[in-house]
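What follows is a set of notes on a single structure, which appears directly below.
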Amino acid sequence: MTVPGTNSTFVTEFLFEGFSSFGWQHRLVFFVVFLTLYLLTLSGNVIIVTIIRLDYHLHTPMYFFLSMLSISETCYTVAIIPRMLSSLLNPRQTISFQDCATQLFFYLTFGINNCFLLTAMGYDRYVAICNPLRYSAIMGNRTCIQLSSGSLGIGLSMAIIQVTSVFGLPFCGAFVISHFFCDVRPLLKLACTNTTVNEIVNFVVSVFVLVLPMALVFFSYVLIIATILKIATAEGRKKAFATCASHLMVVIIHYGCASIIYLKPKSQSSLGQDRLISVTYTVITPLLNPVVYSLRNKEVRDALGRGFLKKPIST
């Protein structure tokens, strides 16, 4: 796990602390539960992407962004959960320095991509409700592709900055990561040098990829709610808000968990608590997207009905 250097020992491999403090019976239960959730997430996202691709009723900007979010969530979970499941069965399994950097890169890329895709979906809902007459002109194919490409581009850029910042540090001696995957804060704690600059970089990136999207979504929903309240009939208000409810639910959970982990001051940071919240953020939250958007969304339910039952599903 380490190789001798001139004056110190340099780390070549890391070991996840993960769930090693639990007995094998508990780890086996965790393995079964997490594997089940993971398979449900994968199958749910595959179904959503497939049904959106095949059903022309869903060839709209909102469902384009939903399919992009499902693909991104799938890549995000693939970067984290398979190795976590492996570590549950073999807690002494190590990860190489290069593989750790690769995992962090993909985790950050798709996690940040998800944040900005949710922002793009909020903008789509804003245009649909606040400017419906120009919706088709504003949210054309080119705009949708630009917004989704921009989200991925920001994810890639921020991931490169973070990975370069973290893995440019020397790691000497300590090699046990107090987490179940390679994340920024646990890695910074292992560095054998002053990490103040790196922690500032991490905080600035976290603010940019969390506070900025949250502010944009919040502003969008202020305008959306103001517009909905002006609708004359209760039925009209209910129908307008129903188009936003699923997105708003996912946004609150997604940004809420991420903000607790990455925007909390270092002095208040508990790796144990962060690990518990990370389980929610990496295992449970990705499952919410297909569940919320399929069970709460009548158009998706009807599309599933047309695809599997050959008839619409009634409410």
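As a basis for the values below, the full set of heavy atoms in this structure was taken, side chains included, without hydrogen atoms, waters or symmetry mates.
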Heavy-atom side-chain proximity of L169 to L188 below 4.5 angstrom: yes
Aromatic centroids of F181 and F16 separated by under 6.0 Å: no
Aromatic centroids of F30 and F19 separated by under 6.0 Å: yes
Donor on one side chain, acceptor on other, T41 and E73, under 3.5 Å: no
Student check: side-chain heavy atoms of S148 and F64 closer than 4.5 Å: yes
Centroid separation F167 to F97 less than 6.0 Å: yes
Rounded distance [0.5 Å steps], CG in N114 versus CD1 in I71: 11.5 Å
Spacing of N202 atom CG and L187 atom CG [to the nearest 0.5 Å]: 10.5 Å
Between N113 and Y76: side-chain donor-acceptor atoms closer than 3.5 Å: no
V279 side chain reached by F180 side chain, heavy atoms, under 4.5 Å: yes
Main-chain N/O of L229 paired with R237 side-chain donor or acceptor, under 3.5 Å: no
Spatial distance of atom CG (L69) from atom CG (N45) [nearest 0.5 Å]: 7.5 Å
Side chain proximity check, V283 to Y38, heavy atoms < 4.5 angstrom: no
D99-S96 side chain donor-acceptor pair, cut-off 3.5 Å: yes
Pairwise side-chain contact, Q103 with I80, heavy-atom cut-off 4.5 Å (strictly under): yes
Sub-4.5 Å side-chain heavy-atom contact between Y63 and I48: no
Minimum side-chain heavy-atom gap Y107-T102 below 4.5 Å: no
I95 and R83, any side-chain heavy atoms less than 4.5 Å apart: yes
